[in-house]
Protein chains: 2
Amino acid sequence: MITVQFAAKAERFDEYRAPLIQAFEKAGLDVDLATDHDPACVDYIVYAPNSDLQDFTPYRRCKAVLNLWAGVETVVGNATLNIPLCRMVDRGLTDGMIEWVTGHVLRHHLGMDRHIINPDHIWDPTPAPLAKDRPVTILGLGALGLACAQMLTQLGFPVTGWSRSAKTVAGITTLHGDGGLTAALGTADIVVLLLPDTPATHHLIDANRIAGCKPDVIFINPGRGPLIDDEALLAALDQGKVGHATLDVFDVEPLPRTHRYWDHPKVTVTPHIASATRADTASEVIAENIKRGETGQSFLNVVDRDLGY
Amino acid sequence: MITVQFAAKAERFDEYRAPLIQAFEKAGLDVDLATDHDPACVDYIVYAPNSDLQDFTPYRRCKAVLNLWAGVETVVGNATLNIPLCRMVDRGLTDGMIEWVTGHVLRHHLGMDRHIINPDHIWDPTPAPLAKDRPVTILGLGALGLACAQMLTQLGFPVTGWSRSAKTVAGITTLHGDGGLTAALGTADIVVLLLPDTPATHHLIDANRIAGCKPDVIFINPGRGPLIDDEALLAALDQGKVGHATLDVFDVEPLPRTHRYWDHPKVTVTPHIASATRADTASEVIAENIKRGETGQSFLNVVDRDLGY
């Protein structure tokens, strides 16, 4: 019997209990899943960073913390956590992100908004350029950035991907480091932010970086709120330097009702829906990692504490 | 020397002259291209159906009429036209259609409009289902329908394609005929119309067919205006039976400024931009067909007068 503690908001247990039990059974694991195990007996913790559980000290025999979220920035620095921490890399989450990013890139590429909101009944049959003439840059080539880059490439967009360290990916232009970032931003009509939130990426998009972008550049941020210096972005939108920003993530969520982003005509707010972990596919990822732990294999998607993701 | 008459609106010649000359040179064709040749000397006509040229009788030695448009409904019945008529099948046109259709399918799938227009600052973080749980039906499996079906399949949508006669396409469910149409419409969350305008497709989407659709079905029409019975669609929208209609083509274009579609909250009008023939790629298609004519090969994309496309 494997003892698994579920540590997240109560409503999450309602959502995950049945899919997890099903995934454990499918993986041949004999699991006792609950939210109130004696910490000393727990083998694995299924975890959401907004859980009440913040002190891992009593979980003395626990082998791994299995995060339900892709983002780990609010748990990675927890000094009481000294066992492997695994990020969620869920196919459902990746698929959802591909759909949201592709949809909003196409929305801006096609200039849909001027048809969705057209009170003056303007009939202007000027077609958009083809995707092949619309360069897109994706900042971040992790699982999500890479998957989005590949779908956009299939649609014909010339995609540049930027990452901290050098990577080579078939079909896209890859750049890295500080110099690479300047080129990646300077050539794009549309910039998609899919970087983790780390000290190195905090306010990566600031006044200086925006100044190096093309006129009317579009920013799409389904990554993390702190990647963008909000004041710098608002100033650039007001000055007509940035064409539009579609933002799914924010420093504070829900975005406060009085935040300037809400009513800005060049900003679209989406409520952190670009990608959600799906209970069914996420449960299979959790079960796979527990099986690996029980059979002595290395865990999947272990967080590097130094890099922060 | 091959004599080619350009017969379209004057502004089209400004657009096409240079790309056509370049394409003829590239194909090794010695062409005299003009808008005012003696009809008796013309070998080929590059043609737009809204051209002043409607009587083909004087073009006695002409070998083919090469249409600049994908649609041929206003020329196919011309009794003076007794030589091969070729539709435009342009890669640029296909790519543009893929982009427009994929973009609007994703827009409706993701429910983008409630974020683009959100004056009450509603933060509702309920994600859309995944594409795999969003069945899409495409009516018409010609070059355009097929290309869109394939891209939507890559995004994970379960795609059903319907065509007049039976077809088999890898990766999608294919249906045909009257019975097939009932099933194709009855299972779809989103219906994309990519049929030609023929007597058999006139008002294909009428009150009866709409009644057989799922509640809140979405119609996307980048095909031809007469495919839809406008009054039936408006009634169904008003009754809450149809969720939304995004329409790019209309019986009369530009859509009259007083048409009910313009201000209907559940209708998005786009100004016949889903796909435009691109001068550069279209010119290459024209050159290819002239080369075929000159070397005794069969023309590409010859219209079947009986089928009407």
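Just so you know, these numbers come straight off a predicted model, no measurement behind them. Quick note: numbers below take in every heavy atom, side chains included, and nothing from hydrogens, waters or symmetry partners. Naming: A, B, ... by sequence-line order, numbering from 1 per chain.
Annotation: residues 137-146 of chain A contacts chain B through no residue [non-hydrogen atoms, separation under 4.5 Å]. Of residues 256-265 of chain B, those residues with a non-hydrogen atom less than 4.5 Å from any non-hydrogen atom of chain A are, in numerical order, B/Arg257, B/Trp262, B/Asp263.
Of all heavy-atom pairs spanning B/Leu106 and A/Glu99, the tightest one is CD2-O, 3.9 Å. Among all heavy-atom pairs drawn from A/Pro127 and B/Arg278, the shortest one is CB-NH2, 4.3 Å. When all heavy atoms of B/Val269 and A/Trp123 are compared, the pair lying nearest together is CG1-CZ3, 4.3 Å. Closest heavy-atom contact between A/Pro125 and B/Pro271: CB-O, 3.3 Å. Of all heavy-atom pairs between B/Ile273 and A/Asp124, the closest is CG2-O, 4.3 Å.
Between atom CZ of residue B/Arg107 and atom CG of residue A/Leu110 there is a gap of 11.0 Å, rounded to the nearest 0.5 Å. Separation of atoms CG (B/Asp95) and CG (A/Leu130) is listed at 6.0 Å; rounding is to 0.5 Å.
Contact annotation for A/Ile122: only backbone heavy atoms (N, CA, C, O) come within less than 4.5 Å of a heavy atom of chain B. Heavy atoms closer than 4.5 Å to chain B are found in the side chain of A/Asp113, but not in its backbone. A/Ile117 touches chain B through its side chain: at least one heavy atom from C-beta onward sits under 4.5 Å away, while N, CA, C and O do not. Neither the backbone nor the side chain of A/Ala274 comes within contact range of chain B; no heavy atoms are under 4.5 Å apart. Residue contact with chain B, scored on non-hydrogen atoms closer than 4.5 Å, involves the side chain of A/Ala276 exclusively. Both the backbone and the side chain of A/Thr102 come within less than 4.5 Å of a heavy atom in chain B.
Heavy atoms from other residues, nucleotides or ligands lying under 6.0 Å from CD of A/Gln22 number 12 at most. Counting heavy-atom neighbours within 6.0 Å of A/Asp14 CG, excluding the residue itself, gives a total above 12.
Within the 4.5 Å cutoff, the side chain of A/His115 has no heavy atoms near those of the B/Thr246 side chain.
Interface remark: of the candidates A/Met151, A/His109, A/Met112, A/Met112 forms the most heavy-atom pairs closer than 4.5 Å to chain B. Counting heavy-atom pairs closer than 4.5 Å to chain A, the top-ranked of the candidates B/Val105, B/Ile116, B/Thr268, B/Thr270 is B/Ile116.
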